[in-house]
Amino acid sequence: MTGIVHDSVDSLAALIPDGAKIVVPADYTGIAMELTRAMVRRGVRDLYLVCLPVTGLQGDILIGAGAVKTIETSAVTLGEFGGAPRFQAAIGDGSLKIKDATCPAIHAGIQAGQKGIPYMPLRGMIGSDVLANRDDWKVAQNPFSDEEDPIVLLPAIRPDFALIHAKKADRHGNVYIGIRREVMALAGASRQTLVTVEEIVDGNLLRDDETAAGTLPALYVGGVAEARKGAWPLAFWDEYPADEAHMTSYVAAARSAEGFQDYLDQFVTGDSRAAAAE
Amino acid sequence: MSDFPAPDEIRTEELLIAIIARLLEGCRLVSSGASSPIPGGGCLLARHQSGGAMHVNVLGSRANNLMTNGGVELFDWAAQGRLDAFFLGGGQIDGQANINLVGIGDYPQAKIRWPGSFGSAYLYYLVPRVILFREEHTRRVFVEKVDFISTPGTSDPEVYRTGGPYAMVSPICQMGFDKDRRKFHLVSVHPGHTVEEVLDNTGFDIDVPEHVPETILPDRATLDIIRQQISLEIAECYPRFAAKVFPEAMNAA
(Lines give C-alpha, C1' and ligand atoms only; values in the text may rest on other atoms or scores of the structure.)
Protein backbone atom coordinates (compact mmCIF):
# COMPACT_ATOMS: atom_id res chain seq x y z
CA MET A 1 0.00 0.00 0.00
CA THR A 2 2.42 2.65 -1.07
CA GLY A 3 1.27 6.15 -1.76
CA ILE A 4 -1.67 6.66 0.55
CA VAL A 5 0.34 7.12 3.76
CA HIS A 6 2.56 10.17 3.46
CA ASP A 7 5.75 10.70 5.40
CA SER A 8 4.97 14.31 6.19
CA VAL A 9 2.06 16.69 6.47
CA ASP A 10 3.82 19.05 4.07
CA SER A 11 3.74 16.34 1.41
CA LEU A 12 -0.03 16.04 1.98
CA ALA A 13 -0.41 19.82 1.62
CA ALA A 14 1.46 19.69 -1.69
CA LEU A 15 -1.49 17.77 -3.19
CA ILE A 16 -3.75 20.84 -2.94
CA PRO A 17 -3.40 23.10 -5.99
CA ASP A 18 -4.14 26.81 -6.05
CA GLY A 19 -7.81 27.48 -6.73
CA ALA A 20 -8.98 24.21 -5.19
CA LYS A 21 -12.41 23.95 -3.61
CA ILE A 22 -11.93 22.55 -0.12
CA VAL A 23 -14.37 21.70 2.65
CA VAL A 24 -13.59 21.70 6.36
CA PRO A 25 -15.74 20.66 9.32
CA ALA A 26 -16.68 22.51 12.50
CA ASP A 27 -14.21 22.47 15.40
CA TYR A 28 -15.89 19.59 17.27
CA THR A 29 -15.35 17.22 14.34
CA GLY A 30 -11.56 17.38 14.24
CA ILE A 31 -9.65 20.15 12.53
CA ALA A 32 -6.48 19.45 10.55
CA MET A 33 -4.57 22.43 11.94
CA GLU A 34 -1.08 21.12 11.21
CA LEU A 35 -2.18 20.50 7.61
CA THR A 36 -3.57 24.04 7.56
CA ARG A 37 -0.19 25.39 8.66
CA ALA A 38 1.50 23.26 5.97
CA MET A 39 -0.86 24.78 3.36
CA VAL A 40 0.17 28.26 4.47
CA ARG A 41 3.84 27.23 4.32
CA ARG A 42 3.28 26.01 0.77
CA GLY A 43 1.68 29.38 -0.07
CA VAL A 44 -1.60 28.02 -1.47
CA ARG A 45 -3.80 30.71 -3.09
CA ASP A 46 -7.33 31.35 -4.37
CA LEU A 47 -9.03 28.61 -2.37
CA TYR A 48 -12.80 28.26 -2.35
CA LEU A 49 -13.38 27.37 1.28
CA VAL A 50 -16.62 25.59 2.22
CA CYS A 51 -17.30 25.22 5.94
CA LEU A 52 -19.57 22.44 7.23
CA PRO A 53 -21.23 24.39 8.60
CA VAL A 54 -18.90 26.90 10.32
CA THR A 55 -15.21 27.55 10.85
CA GLY A 56 -12.95 29.15 13.41
CA LEU A 57 -9.19 29.42 13.79
CA GLN A 58 -8.55 27.30 10.70
CA GLY A 59 -10.52 29.63 8.43
CA ASP A 60 -9.13 32.74 10.11
CA ILE A 61 -5.51 31.65 9.54
CA LEU A 62 -6.13 30.69 5.91
CA ILE A 63 -7.89 34.00 5.29
CA GLY A 64 -5.21 36.00 7.08
CA ALA A 65 -2.51 34.27 5.05
CA GLY A 66 -4.24 35.31 1.83
CA ALA A 67 -5.06 31.73 0.81
CA VAL A 68 -8.84 32.15 0.43
CA LYS A 69 -10.64 33.87 -2.43
CA THR A 70 -14.19 32.82 -1.54
CA ILE A 71 -15.70 31.47 1.66
CA GLU A 72 -19.06 29.74 1.91
CA THR A 73 -20.04 29.44 5.55
CA SER A 74 -22.74 29.91 8.16
CA ALA A 75 -20.34 31.58 10.57
CA VAL A 76 -16.71 32.28 11.36
CA THR A 77 -16.02 32.53 15.07
CA LEU A 78 -13.39 31.62 17.64
CA GLY A 79 -16.16 30.63 20.08
CA GLU A 80 -15.33 31.55 23.66
CA PHE A 81 -12.24 33.39 22.41
CA GLY A 82 -14.35 35.87 20.44
CA GLY A 83 -14.69 37.02 16.85
CA ALA A 84 -12.31 35.94 14.09
CA PRO A 85 -10.05 38.97 13.54
CA ARG A 86 -8.59 38.27 10.07
CA PHE A 87 -12.01 37.24 8.72
CA GLN A 88 -13.51 40.49 9.99
CA ALA A 89 -10.66 42.51 8.50
CA ALA A 90 -10.96 40.76 5.10
CA ILE A 91 -14.71 41.43 4.98
CA GLY A 92 -14.10 45.04 5.95
CA ASP A 93 -11.58 45.71 3.18
CA GLY A 94 -13.50 43.68 0.59
CA SER A 95 -10.63 41.27 -0.12
CA LEU A 96 -12.71 38.18 0.71
CA LYS A 97 -15.81 37.14 -1.21
CA ILE A 98 -18.38 35.66 1.16
CA LYS A 99 -21.34 33.44 0.45
CA ASP A 100 -23.29 33.62 3.69
CA ALA A 101 -25.34 30.50 4.36
CA THR A 102 -27.26 28.85 7.16
CA CYS A 103 -25.95 25.63 8.71
CA PRO A 104 -28.48 23.12 7.34
CA ALA A 105 -28.18 24.61 3.83
CA ILE A 106 -24.50 23.67 3.71
CA HIS A 107 -25.31 20.26 5.14
CA ALA A 108 -27.98 19.87 2.44
CA GLY A 109 -25.61 20.89 -0.37
CA ILE A 110 -23.00 18.44 0.93
CA GLN A 111 -25.64 15.71 1.25
CA ALA A 112 -26.68 16.28 -2.36
CA GLY A 113 -23.01 16.01 -3.34
CA GLN A 114 -22.71 12.83 -1.30
CA LYS A 115 -25.74 11.33 -3.04
CA GLY A 116 -24.64 12.44 -6.49
CA ILE A 117 -27.89 14.31 -7.12
CA PRO A 118 -28.13 17.89 -8.43
CA TYR A 119 -29.85 19.58 -5.48
CA MET A 120 -31.58 19.14 -2.15
CA PRO A 121 -34.78 20.89 -1.04
CA LEU A 122 -34.82 22.43 2.43
CA ARG A 123 -37.33 24.24 4.64
CA GLY A 124 -36.76 27.72 6.06
CA MET A 125 -34.81 30.65 4.61
CA ILE A 126 -37.66 32.25 2.64
CA GLY A 127 -37.86 35.95 3.49
CA SER A 128 -34.31 36.12 4.85
CA ASP A 129 -31.50 38.25 3.46
CA VAL A 130 -29.37 35.09 3.49
CA LEU A 131 -31.54 33.72 0.68
CA ALA A 132 -31.90 37.13 -1.00
CA ASN A 133 -28.11 37.33 -1.43
CA ARG A 134 -27.66 33.83 -2.87
CA ASP A 135 -28.32 33.87 -6.61
CA ASP A 136 -27.18 30.23 -6.75
CA TRP A 137 -30.13 29.13 -4.55
CA LYS A 138 -33.62 28.78 -6.03
CA VAL A 139 -37.15 28.78 -4.68
CA ALA A 140 -39.56 26.33 -6.30
CA GLN A 141 -43.06 25.06 -5.73
CA ASN A 142 -43.19 21.73 -3.87
CA PRO A 143 -44.29 19.46 -6.78
CA PHE A 144 -46.08 17.09 -4.38
CA SER A 145 -48.37 19.74 -2.91
CA ASP A 146 -51.71 20.91 -4.34
CA GLU A 147 -51.38 24.13 -2.39
CA GLU A 148 -48.90 26.95 -2.70
CA ASP A 149 -45.80 25.62 -0.93
CA PRO A 150 -42.54 27.34 -1.84
CA ILE A 151 -39.35 25.53 -0.85
CA VAL A 152 -35.66 26.37 -1.30
CA LEU A 153 -33.47 24.22 -3.56
CA LEU A 154 -29.74 24.07 -2.74
CA PRO A 155 -27.30 22.97 -5.43
CA ALA A 156 -24.99 20.05 -4.69
CA ILE A 157 -21.59 20.97 -3.28
CA ARG A 158 -18.74 18.92 -4.77
CA PRO A 159 -15.42 20.02 -3.24
CA ASP A 160 -12.08 18.85 -4.60
CA PHE A 161 -10.79 18.05 -1.12
CA ALA A 162 -12.19 17.46 2.35
CA LEU A 163 -9.64 18.09 5.12
CA ILE A 164 -9.98 16.41 8.50
CA HIS A 165 -7.98 15.39 11.54
CA ALA A 166 -8.84 12.03 13.14
CA LYS A 167 -7.63 9.79 15.90
CA LYS A 168 -6.11 6.97 13.89
CA ALA A 169 -5.75 5.38 10.49
CA ASP A 170 -4.42 2.03 9.40
CA ARG A 171 -1.74 1.58 6.76
CA HIS A 172 -4.41 0.82 4.15
CA GLY A 173 -5.73 4.37 4.56
CA ASN A 174 -8.91 3.51 6.50
CA VAL A 175 -9.59 6.27 9.01
CA TYR A 176 -11.32 5.94 12.38
CA ILE A 177 -13.87 8.77 12.74
CA GLY A 178 -15.99 7.39 15.59
CA ILE A 179 -19.22 9.30 16.12
CA ARG A 180 -18.17 12.19 13.81
CA ARG A 181 -20.54 11.06 11.10
CA GLU A 182 -20.41 14.36 9.20
CA VAL A 183 -17.03 13.14 7.97
CA MET A 184 -18.88 10.54 5.88
CA ALA A 185 -20.88 13.33 4.23
CA LEU A 186 -17.79 15.49 3.68
CA ALA A 187 -15.85 12.59 2.22
CA GLY A 188 -18.72 11.34 0.08
CA ALA A 189 -19.29 14.78 -1.44
CA SER A 190 -15.60 15.49 -2.05
CA ARG A 191 -13.43 14.02 -4.78
CA GLN A 192 -10.87 13.03 -2.15
CA THR A 193 -10.29 13.44 1.56
CA LEU A 194 -6.93 14.37 3.04
CA VAL A 195 -6.49 13.20 6.60
CA THR A 196 -4.06 13.78 9.43
CA VAL A 197 -4.19 11.41 12.39
CA GLU A 198 -2.80 11.19 15.87
CA GLU A 199 -1.36 7.78 14.99
CA ILE A 200 -1.02 5.22 12.22
CA VAL A 201 -1.94 1.78 13.55
CA ASP A 202 -1.32 -1.79 12.46
CA GLY A 203 -4.14 -4.01 11.21
CA ASN A 204 -7.30 -3.17 9.28
CA LEU A 205 -10.02 -0.98 10.84
CA LEU A 206 -12.67 -2.43 8.49
CA ARG A 207 -12.17 -6.00 9.69
CA ASP A 208 -13.75 -5.47 13.12
CA ASP A 209 -17.41 -4.33 13.38
CA GLU A 210 -16.59 -2.30 16.49
CA THR A 211 -14.28 -0.04 14.53
CA ALA A 212 -15.73 -0.52 11.03
CA ALA A 213 -19.00 1.26 11.92
CA GLY A 214 -16.96 4.37 12.76
CA THR A 215 -14.47 4.11 9.94
CA LEU A 216 -14.08 6.14 6.77
CA PRO A 217 -13.02 3.56 4.17
CA ALA A 218 -9.80 4.24 2.30
CA LEU A 219 -11.68 4.45 -0.99
CA TYR A 220 -12.53 8.05 -0.10
CA VAL A 221 -9.05 8.93 1.12
CA GLY A 222 -6.50 10.66 -1.10
CA GLY A 223 -3.74 10.71 1.47
CA VAL A 224 -3.09 10.37 5.17
CA ALA A 225 -0.22 11.53 7.34
CA GLU A 226 0.57 11.23 11.01
CA ALA A 227 0.43 14.49 12.95
CA ARG A 228 0.51 14.09 16.69
CA LYS A 229 -1.47 16.89 18.32
CA GLY A 230 -2.46 17.75 14.75
CA ALA A 231 -5.51 19.77 15.87
CA TRP A 232 -3.45 21.99 18.20
CA PRO A 233 -4.18 24.62 19.43
CA LEU A 234 -7.80 23.53 19.05
CA ALA A 235 -9.42 20.88 21.21
CA PHE A 236 -9.59 17.41 19.72
CA TRP A 237 -12.37 15.01 20.78
CA ASP A 238 -11.52 13.68 24.24
CA GLU A 239 -7.84 13.58 23.40
CA TYR A 240 -6.82 17.09 24.42
CA PRO A 241 -8.45 20.43 25.27
CA ALA A 242 -7.93 23.74 23.51
CA ASP A 243 -4.68 25.53 24.34
CA GLU A 244 -6.33 28.51 25.99
CA ALA A 245 -3.17 30.54 26.47
CA HIS A 246 -2.24 30.12 22.83
CA MET A 247 -5.74 31.01 21.61
CA THR A 248 -5.73 34.15 23.73
CA SER A 249 -2.34 35.19 22.35
CA TYR A 250 -3.56 34.48 18.79
CA VAL A 251 -6.58 36.75 19.22
CA ALA A 252 -4.34 39.54 20.51
CA ALA A 253 -1.78 39.10 17.71
CA ALA A 254 -4.31 38.77 14.88
CA ARG A 255 -5.96 42.12 15.66
CA SER A 256 -3.46 43.72 13.28
CA ALA A 257 -1.99 42.51 9.97
CA GLU A 258 1.50 42.98 11.41
CA GLY A 259 0.70 41.01 14.55
CA PHE A 260 -0.75 38.23 12.43
CA GLN A 261 2.38 38.13 10.28
CA ASP A 262 4.50 37.83 13.43
CA TYR A 263 2.26 34.95 14.51
CA LEU A 264 2.79 33.17 11.17
CA ASP A 265 6.54 33.71 11.42
CA GLN A 266 6.59 32.20 14.86
CA PHE A 267 4.10 29.32 14.67
CA VAL A 268 3.49 28.49 11.01
CA THR A 269 6.51 29.14 8.86
CA GLY A 270 8.69 28.72 11.96
CA ASP A 271 8.97 25.51 13.96
CA SER A 272 5.32 25.02 14.92
CA ARG A 273 5.76 21.29 15.61
CA ALA A 274 8.05 22.08 18.50
CA ALA A 275 5.50 24.49 19.90
CA ALA A 276 2.66 22.00 19.47
CA ALA A 277 4.52 19.18 21.15
CA GLU A 278 5.10 21.13 24.36
CA MET B 1 -42.95 26.83 51.37
CA SER B 2 -40.03 27.67 49.16
CA ASP B 3 -37.21 29.69 50.57
CA PHE B 4 -36.25 32.60 48.32
CA PRO B 5 -32.86 34.30 48.40
CA ALA B 6 -32.67 38.09 48.26
CA PRO B 7 -32.26 39.51 44.74
CA ASP B 8 -28.71 40.69 45.40
CA GLU B 9 -27.65 37.15 46.31
CA ILE B 10 -28.39 35.98 42.76
CA ARG B 11 -26.07 36.60 39.85
CA THR B 12 -27.73 37.78 36.64
CA GLU B 13 -26.51 34.67 34.80
CA GLU B 14 -28.14 32.46 37.44
CA LEU B 15 -31.43 34.33 37.14
CA LEU B 16 -31.35 33.99 33.35
CA ILE B 17 -30.65 30.25 33.57
CA ALA B 18 -33.65 29.88 35.90
CA ILE B 19 -35.95 31.93 33.63
CA ILE B 20 -34.95 29.89 30.59
CA ALA B 21 -35.56 26.62 32.43
CA ARG B 22 -39.07 27.85 33.29
CA LEU B 23 -39.76 28.62 29.63
CA LEU B 24 -38.81 25.04 28.68
CA GLU B 25 -41.36 23.38 30.95
CA GLY B 26 -43.24 20.59 29.19
CA CYS B 27 -40.74 20.18 26.36
CA ARG B 28 -39.60 16.69 25.38
CA LEU B 29 -36.48 17.57 23.33
CA VAL B 30 -34.52 20.81 23.56
CA SER B 31 -31.10 21.89 22.31
CA SER B 32 -28.81 24.80 22.87
CA GLY B 33 -26.72 26.16 20.01
CA ALA B 34 -23.26 27.58 19.45
CA SER B 35 -21.78 30.08 21.94
CA SER B 36 -24.71 29.61 24.34
CA PRO B 37 -23.59 28.90 27.92
CA ILE B 38 -26.66 30.43 29.59
CA PRO B 39 -29.22 28.70 27.32
CA GLY B 40 -27.22 25.50 27.75
CA GLY B 41 -27.41 25.95 31.52
CA GLY B 42 -31.16 26.62 31.24
CA CYS B 43 -31.63 23.37 29.30
CA LEU B 44 -29.66 21.35 31.85
CA LEU B 45 -31.62 22.89 34.74
CA ALA B 46 -34.92 22.19 32.96
CA ARG B 47 -33.91 18.56 32.50
CA HIS B 48 -33.11 18.29 36.20
CA GLN B 49 -36.48 19.82 37.08
CA SER B 50 -38.25 17.43 34.69
CA GLY B 51 -36.88 14.50 36.66
CA GLY B 52 -34.95 13.40 33.60
CA ALA B 53 -38.01 13.26 31.28
CA MET B 54 -36.58 15.96 29.04
CA HIS B 55 -33.95 15.12 26.43
CA VAL B 56 -31.27 17.79 26.29
CA ASN B 57 -28.68 18.27 23.57
CA VAL B 58 -25.90 20.74 24.32
CA LEU B 59 -24.12 21.61 21.09
CA GLY B 60 -20.40 20.91 21.38
CA SER B 61 -20.81 18.66 24.44
CA ARG B 62 -19.68 15.06 24.75
CA ALA B 63 -21.57 14.31 27.95
CA ASN B 64 -24.83 15.88 26.72
CA ASN B 65 -24.79 14.97 23.04
CA LEU B 66 -27.75 13.06 21.59
CA MET B 67 -26.63 13.02 17.96
CA THR B 68 -25.10 9.93 16.39
CA ASN B 69 -25.51 10.98 12.76
CA GLY B 70 -23.41 14.12 12.76
CA GLY B 71 -24.34 17.78 13.22
CA VAL B 72 -27.06 17.57 10.57
CA GLU B 73 -29.20 15.53 12.92
CA LEU B 74 -30.19 18.63 14.91
CA PHE B 75 -31.67 20.13 11.75
CA ASP B 76 -33.39 16.88 10.85
CA TRP B 77 -35.06 16.87 14.30
CA ALA B 78 -36.33 20.39 13.64
CA ALA B 79 -37.84 19.53 10.26
CA GLN B 80 -39.38 16.35 11.70
CA GLY B 81 -41.07 18.42 14.43
CA ARG B 82 -39.17 16.67 17.22
CA LEU B 83 -37.26 19.68 18.51
CA ASP B 84 -39.47 21.65 20.89
CA ALA B 85 -37.20 24.55 21.80
CA PHE B 86 -34.06 26.34 20.64
CA PHE B 87 -32.28 29.64 21.31
CA LEU B 88 -31.26 32.51 19.10
CA GLY B 89 -29.39 35.68 19.90
CA GLY B 90 -28.56 38.50 17.55
CA GLY B 91 -26.29 41.47 17.14
CA GLN B 92 -29.54 43.24 16.34
CA ILE B 93 -33.13 42.21 17.06
CA ASP B 94 -35.94 44.42 15.83
CA GLY B 95 -39.55 45.09 16.79
CA GLN B 96 -40.85 42.48 14.34
CA ALA B 97 -38.52 39.87 15.87
CA ASN B 98 -36.24 39.87 12.84
CA ILE B 99 -32.71 38.82 13.78
CA ASN B 100 -29.36 40.02 12.42
CA LEU B 101 -26.31 37.88 13.11
CA VAL B 102 -24.30 39.12 10.11
CA GLY B 103 -23.27 42.72 10.65
CA ILE B 104 -23.88 46.46 10.64
CA GLY B 105 -23.78 48.55 7.50
CA ASP B 106 -24.00 47.61 3.84
CA TYR B 107 -23.83 43.93 2.97
CA PRO B 108 -21.49 42.23 2.24
CA GLN B 109 -18.77 44.77 3.11
CA ALA B 110 -20.11 45.34 6.60
CA LYS B 111 -18.80 48.12 8.82
CA ILE B 112 -18.95 45.69 11.71
CA ARG B 113 -19.00 42.01 10.80
CA TRP B 114 -20.34 39.37 13.19
CA PRO B 115 -19.75 35.62 12.84
CA GLY B 116 -22.77 34.80 10.66
CA SER B 117 -26.31 33.44 10.64
CA PHE B 118 -25.53 29.90 11.93
CA GLY B 119 -28.71 27.77 11.80
CA SER B 120 -31.06 30.69 12.43
CA ALA B 121 -32.42 31.00 8.87
CA TYR B 122 -33.89 27.53 9.31
CA LEU B 123 -34.50 26.74 12.98
CA TYR B 124 -36.53 29.95 13.55
CA TYR B 125 -39.07 28.60 11.04
CA LEU B 126 -39.32 25.10 12.45
CA VAL B 127 -38.89 25.13 16.24
CA PRO B 128 -42.10 26.02 18.13
CA ARG B 129 -40.43 27.64 21.12
CA VAL B 130 -37.56 29.79 19.93
CA ILE B 131 -36.31 31.75 22.90
CA LEU B 132 -34.54 34.96 21.95
CA PHE B 133 -31.74 35.70 24.32
CA ARG B 134 -29.30 38.56 24.75
CA GLU B 135 -27.06 39.50 27.66
CA GLU B 136 -27.12 43.12 26.54
CA HIS B 137 -30.35 45.14 26.62
CA THR B 138 -29.60 48.38 24.79
CA ARG B 139 -30.87 50.40 21.86
CA ARG B 140 -27.95 49.25 19.74
CA VAL B 141 -29.20 45.64 20.09
CA PHE B 142 -32.95 46.22 20.15
CA VAL B 143 -33.37 48.34 17.05
CA GLU B 144 -36.30 49.61 15.04
CA LYS B 145 -35.18 47.68 11.95
CA VAL B 146 -32.25 45.28 11.55
CA ASP B 147 -29.56 46.02 8.91
CA PHE B 148 -29.62 42.42 7.64
CA ILE B 149 -32.33 39.81 8.13
CA SER B 150 -30.50 36.61 9.04
CA THR B 151 -33.94 35.21 9.76
CA PRO B 152 -37.37 36.88 9.87
CA GLY B 153 -39.63 36.95 12.92
CA THR B 154 -42.74 36.20 10.92
CA SER B 155 -43.57 34.86 7.47
CA ASP B 156 -46.30 35.17 4.88
CA PRO B 157 -49.05 32.53 5.17
CA GLU B 158 -47.86 30.42 2.21
CA VAL B 159 -44.44 29.88 3.81
CA TYR B 160 -44.13 26.62 5.78
CA ARG B 161 -43.59 27.77 9.33
CA THR B 162 -44.28 25.71 12.43
CA GLY B 163 -41.96 27.72 14.64
CA GLY B 164 -40.97 31.21 15.68
CA PRO B 165 -40.35 33.59 18.56
CA TYR B 166 -41.83 32.36 21.84
CA ALA B 167 -40.13 34.63 24.36
CA MET B 168 -37.33 37.17 24.64
CA VAL B 169 -35.11 37.14 27.71
CA SER B 170 -32.63 39.88 28.60
CA PRO B 171 -30.82 40.86 31.82
CA ILE B 172 -33.61 43.32 32.68
CA CYS B 173 -36.87 41.77 31.48
CA GLN B 174 -38.83 39.04 29.77
CA MET B 175 -41.01 39.71 26.73
CA GLY B 176 -43.50 37.72 24.67
CA PHE B 177 -44.27 38.06 20.96
CA ASP B 178 -47.65 38.21 19.25
CA LYS B 179 -47.12 36.88 15.74
CA ASP B 180 -50.44 38.14 14.39
CA ARG B 181 -49.76 41.68 15.54
CA ARG B 182 -46.02 41.25 14.83
CA LYS B 183 -45.19 42.94 18.09
CA PHE B 184 -43.46 42.27 21.43
CA HIS B 185 -45.15 42.77 24.79
CA LEU B 186 -43.58 43.07 28.22
CA VAL B 187 -44.15 39.98 30.41
CA SER B 188 -42.15 40.83 33.52
CA VAL B 189 -39.32 43.03 34.75
CA HIS B 190 -36.49 41.54 36.78
CA PRO B 191 -36.04 42.74 40.40
CA GLY B 192 -34.00 45.93 40.58
CA HIS B 193 -35.17 47.09 37.14
CA THR B 194 -38.13 49.17 35.94
CA VAL B 195 -40.53 49.44 33.03
CA GLU B 196 -39.02 52.86 32.26
CA GLU B 197 -35.57 51.31 32.04
CA VAL B 198 -36.88 48.72 29.58
CA LEU B 199 -38.55 51.39 27.42
CA ASP B 200 -35.47 53.65 27.54
CA ASN B 201 -33.24 50.84 26.33
CA THR B 202 -35.51 49.34 23.66
CA GLY B 203 -35.39 50.92 20.23
CA PHE B 204 -38.80 49.68 19.11
CA ASP B 205 -42.36 50.04 20.30
CA ILE B 206 -43.62 47.33 22.67
CA ASP B 207 -46.95 46.69 24.33
CA VAL B 208 -46.87 47.30 28.07
CA PRO B 209 -49.78 46.00 30.17
CA GLU B 210 -51.19 48.16 32.92
CA HIS B 211 -49.64 45.98 35.58
CA VAL B 212 -46.19 44.54 34.85
CA PRO B 213 -45.21 41.85 37.37
CA GLU B 214 -41.74 41.40 38.77
CA THR B 215 -39.92 38.33 37.45
CA ILE B 216 -40.12 35.46 39.92
CA LEU B 217 -36.68 34.61 41.30
CA PRO B 218 -35.40 31.07 41.56
CA ASP B 219 -35.87 29.63 45.05
CA ARG B 220 -32.91 28.63 47.15
CA ALA B 221 -33.09 24.95 46.21
CA THR B 222 -33.01 25.86 42.50
CA LEU B 223 -30.13 28.24 43.06
CA ASP B 224 -28.20 25.50 44.85
CA ILE B 225 -28.72 23.14 41.92
CA ILE B 226 -27.49 25.80 39.49
CA ARG B 227 -24.39 26.49 41.57
CA GLN B 228 -23.48 22.97 42.57
CA GLN B 229 -24.53 20.85 39.59
CA ILE B 230 -25.42 22.87 36.47
CA SER B 231 -22.20 24.89 36.86
CA LEU B 232 -20.08 21.75 36.52
CA GLU B 233 -22.13 20.37 33.63
CA ILE B 234 -21.84 23.58 31.65
CA ALA B 235 -18.10 23.87 32.38
CA GLU B 236 -17.47 20.93 30.07
CA CYS B 237 -18.27 23.09 27.01
CA TYR B 238 -17.82 26.54 28.46
CA PRO B 239 -14.88 26.49 30.86
CA ARG B 240 -14.23 30.22 30.60
CA PHE B 241 -17.86 31.08 31.27
CA ALA B 242 -17.99 28.70 34.23
CA ALA B 243 -14.76 30.07 35.71
CA LYS B 244 -16.17 33.60 35.53
CA VAL B 245 -19.69 32.94 36.84
CA PHE B 246 -19.13 29.99 39.18
CA PRO B 247 -15.61 30.46 40.62
CA GLU B 248 -16.55 28.70 43.89
CA ALA B 249 -17.80 25.57 42.14
CA MET B 250 -14.85 25.50 39.76
CA ASN B 251 -12.35 25.89 42.58
CA ALA B 252 -14.06 23.15 44.60
CA ALA B 253 -13.96 20.83 41.56
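Sequence lines set the chain letters: A, B, ... in the order given, protein chains first and strands last, and positions in each chain run from 1.
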Nearest heavy atoms of A/Val130 and B/Ala121, plus distance in Å: CG2-CB, 4.4 Å
Flag if over 12 foreign heavy atoms under 6.0 Å of CZ, B/Arg140: no
Top of B/Gly163, B/Ala78, B/Pro152 for chain A proximity - count of heavy-atom pairs under 4.5 angstrom: B/Pro152
Anything under 3.5 Å between chain B and chain A that's a donor-acceptor pair? List each one with its distance, please.
unit_1   : atom_1 : unit_2   : atom_2 : d
B/Arg62  : NE     : A/Asp238 : OD1    : 3.2
B/Arg62  : NE     : A/Asp238 : OD2    : 3.2
B/Arg62  : NH2    : A/Asp238 : OD2    : 3.1
B/Gly71  : N      : A/Glu182 : OE1    : 2.5
B/Tyr107 : OH     : A/Asp100 : OD2    : 2.8
B/Gln109 : NE2    : A/Gly92  : O      : 3.0
B/Arg113 : O      : A/Gln88  : NE2    : 3.3
B/Arg113 : NH1    : A/Asp100 : OD2    : 2.8
B/Arg113 : NH2    : A/Asp100 : OD1    : 2.8
B/Arg113 : NH2    : A/Asp100 : OD2    : 3.4
B/Pro115 : O      : A/Val76  : N      : 3.0
B/Ser117 : N      : A/Ser74  : O      : 3.0
B/Phe118 : N      : A/Ser74  : O      : 2.8
B/Phe118 : O      : A/Thr102 : OG1    : 2.7
B/Phe118 : O      : A/Cys103 : N      : 3.0
B/Ala121 : N      : A/Thr102 : OG1    : 3.4
B/Ala121 : O      : A/Met125 : N      : 2.7
B/Tyr125 : OH     : A/Met125 : O      : 3.4
B/Tyr125 : OH     : A/Ile126 : N      : 3.3
B/Tyr125 : OH     : A/Ile126 : O      : 2.6
B/Ile149 : N      : A/Asp129 : OD2    : 2.7
B/Ile149 : O      : A/Asp129 : N      : 2.7
B/Arg240 : N      : A/Glu80  : OE1    : 3.3
B/Phe241 : N      : A/Glu80  : OE2    : 3.0

Contact origin within A/Ala101 toward chain B - heavy atom pairs under 4.5 Å: backbone
Interchain contact, A/Val54 with chain B, by part (heavy-atom threshold 4.5 Å): side chain
side-chain contact (heavy atoms from CB on, under 4.5 Å) partners for B/His137, two or more places apart: B/Phe142, B/Met168, B/Ser170, B/Pro171, B/Ile172, B/Cys173, B/Met175, B/Val198, B/Asn201, B/Thr202
Residue, of B/Val146, B/Ile149, B/Leu74, that accumulates the most heavy atom pairs under 4.5 Å with chain A: B/Ile149
Qualifying residues under side-chain contact (heavy atoms from CB on, under 4.5 Å), relative to A/Ala235, sequence neighbours excluded: A/Ala242
Nearest heavy-atom neighbours spanning B/Gly119 and A/Pro104: CA-CD, 4.1 Å
A/Pro53 portion near chain B, given a 4.5 angstrom heavy-atom threshold: neither
B/Arg227: side-chain hydrogen bond (donor to acceptor under 3.5 Å, both in side chains) partners, not counting sequence neighbours: B/Glu14
Contact winner vs chain A - B/Gly71, B/Gly60, B/Pro157, B/Pro108, heavy-atom pairs under 4.5 Å: B/Gly71
